[in-house]
Protein chains: 2
Amino acid sequence: MARPRIGQERREEILAAFEACVARKGFAGTTLTDVAQEAGQPRSLVRYFIGNRADMVNALIDRLLLRGEEQFRQWPGHGTPEDMHRFVLDRIFADQTTNIVIMELWHLALRDDALRARLAAIYKQVILEVAAMMADENDPHPEAQDRAFSAVALAFGTAFFRYLGIAPASPDRIRAISRQLLDQHSLSAQELET
Amino acid sequence: MARPRIGQERREEILAAFEACVARKGFAGTTLTDVAQEAGQPRSLVRYFIGNRADMVNALIDRLLLRGEEQFRQWPGHGTPEDMHRFVLDRIFADQTTNIVIMELWHLALRDDALRARLAAIYKQVILEVAAMMADENDPHPEAQDRAFSAVALAFGTAFFRYLGIAPASPDRIRAISRQLLDQHSLSAQELET
DNA sequence: GCGAATCTTGTCAATGATGACAATTTACGT
DNA sequence: ACGTAAATTGTCATCATTGACAAGATTCGC
């Protein structure tokens with residue numbers, strides 16, 4: 001061997017810079033020159049370490065998805081409905097910068113089947129985890145999954161609306177509603193009428 | 001005067017073509033040449049009738065927002081919770097092609113304050129209308145607005161998830177949940193405990 | 001037919017982003 | 001110190017997209 005390889009670290013720097021650019025200008029809006037500038041390197045180095053633009057985009061997508069999948073591996077596993085809804089609302093949909101990047105991912109996923117499938121798998125897993133927690137709490141119940149779906153969809157919609165500057169008059173009330181969705185017994189009666 | 005002006009009709013054709021392109025390739029992904037091809041006109045005509053690219057984008061945004069605002073002017077005004085939730089779920093978040101264009105609008109809104117404000121106004125109005133319907137149904141209630149918020153956010157999240165291919169096991173159960181959100185009395189008890 | 005406003009065609013230069021690559025420098029093992 | 005693999009610099013041609021415009025054709029009122 002000769003000179004030691006520092007490629008992996010450089011790649012990380014570059015991807016971090018790329019992510020910052022994406023948060024600021026979006027995928028379509030950031031050029032290799034933008035990334036290079038953000039990373040404090042000449043453009044040719046970015047090309048050298050990360051390949052062409054498509055490679056760079058794919059690398060960042062991988063990084064983001066791996067991070068997302070990792071996040072759910074630290075899932076509490078079980079807990080009170082309080083814990084669950086706090087986890088969903090506060091931890092997953094909290095950081096605004098992250099949310100912007102996530103929306104960028106969604107936008108890409110509109111026209112990328114593989115990415116869409118991978119995003120779907122993550123959200124499905126979240127829903128399943130929430131449903132499993134509910135089942136842990138009480139008896140297993142076939143409708144748990146649909147109520148988990150509702151709770152996550154509500155959190156998702158709330159996060160999007162928050163970004164528009166639309167917030168509920170009382171966030172606590174949304175929490176109460178979310179908690180209620182995660183509580184097995186409060187719906188059963190009404191549901192059976194349908 | 002001399003030759004009659006046909007600019008307005010041409011503009012409509014061009015914007016329709018642009019909208020089709022946006023649904024297929026997104027705002028950032030469609031070029032003037034794409035629009036011209038879709039409209040069956042040379043690119044120079046597109047430029048002549050609609051101006052530069054920014055003009056074209058703004059014109060389409062206006063068209064889309066006006067259409068959205070118009071849609072809520074046909075709002076039933078009042079009705080049973082059934083009517084409400086059917087309106088929200090089936091009519092607003094139904095058509096997939098429209099949804100894609102809406103997601104494109106959202107994506108633009110990430111970095112366009114004016115557009116974001118205008119989108120926010122539309123969704124706020126939807127929430128207010130739903131809340132007003134609920135107040136019509138029974139007594140006015142301060143929490144109606146927050147439950148309307150929840151119902152719309154849930155519908156929004158459901159629409160997004162549907163696009164990912166994530167659907168609840170039983171759509172009817174989501175409808176039941178949505179109905180419950182729109183029902184004044186089912187939450188009050190739990191809420192006061194908090 | 002004629003003038004005038006409008007439409008239509010076609011071409012051009014400027015811009016900006018990308019991919020490619022040659023030439024040079026660095027840092028390590030021996 | 002020397003060879004070698006890796007890193008670094010800088011430049012170039014290519015391509016797509018946009019904006020601009022000159023020249024011509026159309027359609028109306030008169």
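Per chain, numbering begins at 1; letters A, B, ... match sequence-line order. All values derive from a computational prediction rather than experimental measurement.
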Starting at atom [atom1] of [X], determine the distance to atom [atom2] of [N], rounded to an integer number of angstrom.
X       : N      : atom1 : atom2 : value
A:Gln41 : D:dG10 : CD    : C1'   : 16 Å
B:Leu45 : D:dA25 : CG    : P     : 16 Å
A:Arg10 : C:dT26 : CZ    : P     : 14 Å
A:Asn52 : C:dA17 : CG    : P     : 17 Å
A:Leu32 : D:dG10 : CG    : P     : 18 Å
B:Gln8  : C:dC7  : CD    : P     : 11 Å
A:Asp55 : C:dA17 : CG    : P     : 19 Å
B:Arg53 : D:dA20 : CZ    : C1'   : 18 Å

Where the side chain of [X] is concerned, which of [options] is the nearest nucleotide?
X       : options               : answer
B:Tyr48 : D:dA7, C:dT6, D:dG19  : C:dT6
B:Phe49 : C:dC7, C:dA20, D:dT17 : C:dC7
B:Ile6  : C:dC7, C:dA27, C:dG19 : C:dC7
B:Thr31 : D:dG19, D:dA6, D:dT17 : D:dT17
A:Ser44 : C:dG10, D:dG10, C:dT6 : D:dG10

**Request:** Considering only NZ, NE, NH1 and NH2 on the basic side and carboxylate oxygens on the acidic side, decide whether B:Arg67 and B:Glu19 come within less than 4.0 Å.
**Result:** yes
**Message:** Could you tell me if the side chain of A:Met56 sits less than 4.5 Å from the side chain of A:Val46, heavy atoms only?
**Reply:** yes
**Note, B:Trp106 side chain near A:Leu164 side chain (heavy atom, < 4.5 Å)** = yes
**Message:** Is there a side-chain contact between A:Arg43 and the phosphate of C:dG19, meaning an N or O under 4.0 Å from OP1 or OP2?
**Reply:** no
**Request:** Give a yes/no answer on whether the side chain of A:Arg3 brings an N or O atom under 4.0 Å of OP1 or OP2 in C:dT26.
**Result:** no
**Prompt:** In terms of ring plane angle, is the pair A:Phe161 and B:Tyr123 parallel, tilted or perpendicular, where the classes change at 30° and 60°?
**Reply:** tilted
**Asked** Starting at the 5' end of DNA chain D, which residue's closest nucleotide do you reach first, B:Pro4 or B:Gly29?
**Response** B:Gly29
**Request:** Verify salt bridge (Lys or Arg N to Asp or Glu O under 4.0 Å) between B:Asp62 and B:Arg118, making sure each step is shown before the conclusion.
**Result:** CA-CA 10 Å; B:Asp62 257 359; B:Arg118 215 162 148 196; 2.7 Å; yes
